[in-house]
Amino acid sequence: MSIMIVEDRGQQAGKHETKHQWFDSHDVELLQAPLPVGDYILYTDTVADVIRRKAKRGVDLKKLDFLGSYRVCVDTKKDMQEIVGNICGKQHERFRDECILANNNGIRLYVLIENTDGIRSVDDVFVWKNPRSKIQKWITMPSGQRRKVLKYPDATRGETLARAMMTMQERYGVKFLFCHPDEAGEHILQLLTAQEE
């Protein structure tokens with residue numbers, strides 16, 4: 001018997017092939033729908049009922065239609081830089097609002113950060129060296145002399161990111177998890193099905 005997972009329609013096409021291949025090879029079916037929180041949820045009777053009722057009325061599914069239909073979701077991040085942008089960058093307010101929406105609606109939000117940096121826990125993030133902090137660029141001085149300077153002198157430090165993650169876990173109940181990109185499909189399935197047992 002195959003398992004079905006609903007993937008958020010907002011996921012960028014072509015950027016999740018490794019996960020999709022893992023799902024295919026493990027008899028996991030994917031259905032696309034607009035999700036209010038997270039990128040992946042388990043297809044349950046409650047979720048199926050939402051889809052059925054909307055289809056019967058000939059009405060397109062909207063994100064908020066699914067509120068109250070699931071208790072657990074997984075949001076994936078393609079690398080450490082994406083989570084830096086979500087927590088310490090321009091995407092912070094949008095990401096925080098999603099965490100609050102999940103918390104307010106009793107949804108357990110797991111944020112799974114795929115990475116090849118060897119990060120496996122928030123504790124590892126404390127000692128993570130942001131590669132952007134070492135990138136240099138050439139500048140021309142007023143004298144005409146050229147020299148190298150840091151391109152991102154204010155690049156987020158691992159300790160700053162880790163502390164912000166811990167605060168968000170405490171405040172909003174979100175849980176940050178980490179894996180290698182090749183392991184993401186398996187982790188998603190485990191997180192979603194563990195909650196149903």
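Side-chain atoms are counted along with the backbone in the values below, which use heavy atoms only and exclude waters and symmetry mates.
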Hey, does Arg94 have a side-chain heavy atom less than 4.5 Å from the side chain of Asn86?
-> yes
Looking only at side chains, do His26 and Glu186 share a donor and an acceptor under 3.5 Å apart?
-> no
Identify the two heavy atoms, one from Tyr40 and one from Leu35, that lie closest to each other, and give their separation to 0.1 Å.
-> N-CD1, 4.1 Å
In Å, rounded to the nearest 0.5 Å, how long is the span from OH of Tyr110 to CG of Leu192?
-> 9.5 Å
Rounded to the nearest 0.5 Å, what separation is found between the CG atom of Asp39 and the CD1 atom of Ile5?
-> 12.0 Å
Are the side chain of Asp79 and the backbone N or O of Gln81 linked by a donor-acceptor pair below 3.5 Å?
-> yes
To the nearest 0.5 Å, what is the distance between SG (Cys73) and CZ (Arg108)?
-> 10.5 Å
When you check the gap from the basic side-chain N to the acidic O, do Lys62 and Asp60 get nearer than 4.0 Å?
-> no
Distance-minimising heavy-atom pair for Ser69 and Val50 = CB-CG2, 4.0 Å
How many angstroms lie between atom CH2 of Trp128 and atom OG1 of Thr160, to the nearest 0.5 angstrom?
-> 10.5 Å
Any sub-3.5 Å donor-acceptor pair from Asp124's side-chain atoms to Arg120's backbone N or O?
-> yes
Side-chain donor-acceptor pairs of residues 141-148 under 3.5 Å, sequence neighbours excluded:
residue	atom	partner	partner atom	Å
Ser143	OG	Gln145	N	3.4
Arg146	NH1	Thr140	OG1	3.3

Any side-chain donor-acceptor pair under 3.5 Å between Asp8 and Gln32?
-> no
Exceeds 12 heavy-atom contacts within 6.0 angstrom, atom CZ of Arg9 | yes
Of all heavy-atom pairs linking Asn103 and Arg171, the shortest is ND2-O, 3.8 Å
Roughly how far, to the nearest 0.5 Å, is the CD atom of Glu98 from the CG atom of Leu109?
-> 6.0 Å
Atom CD1 of Ile139 and atom NZ of Lys137: how far apart are they, to the nearest 0.5 Å?
-> 7.5 Å
Do the charged groups of Lys19 and Glu183 touch, with an N to O distance under 4.0 Å?
-> no
Give the intermediate values and the outcome of salt bridge (charged side-chain N to carboxylate O under 4.0 Å, His left out) for residues Asp75 and Lys77.
-> CA-CA 7 Å; Asp75 193 30; Lys77 304 299 174 190; 3.1 Å; yes
Exercise: identify the closest heavy-atom pair between Pro181 and Thr18 = O-CG2, 3.8 Å
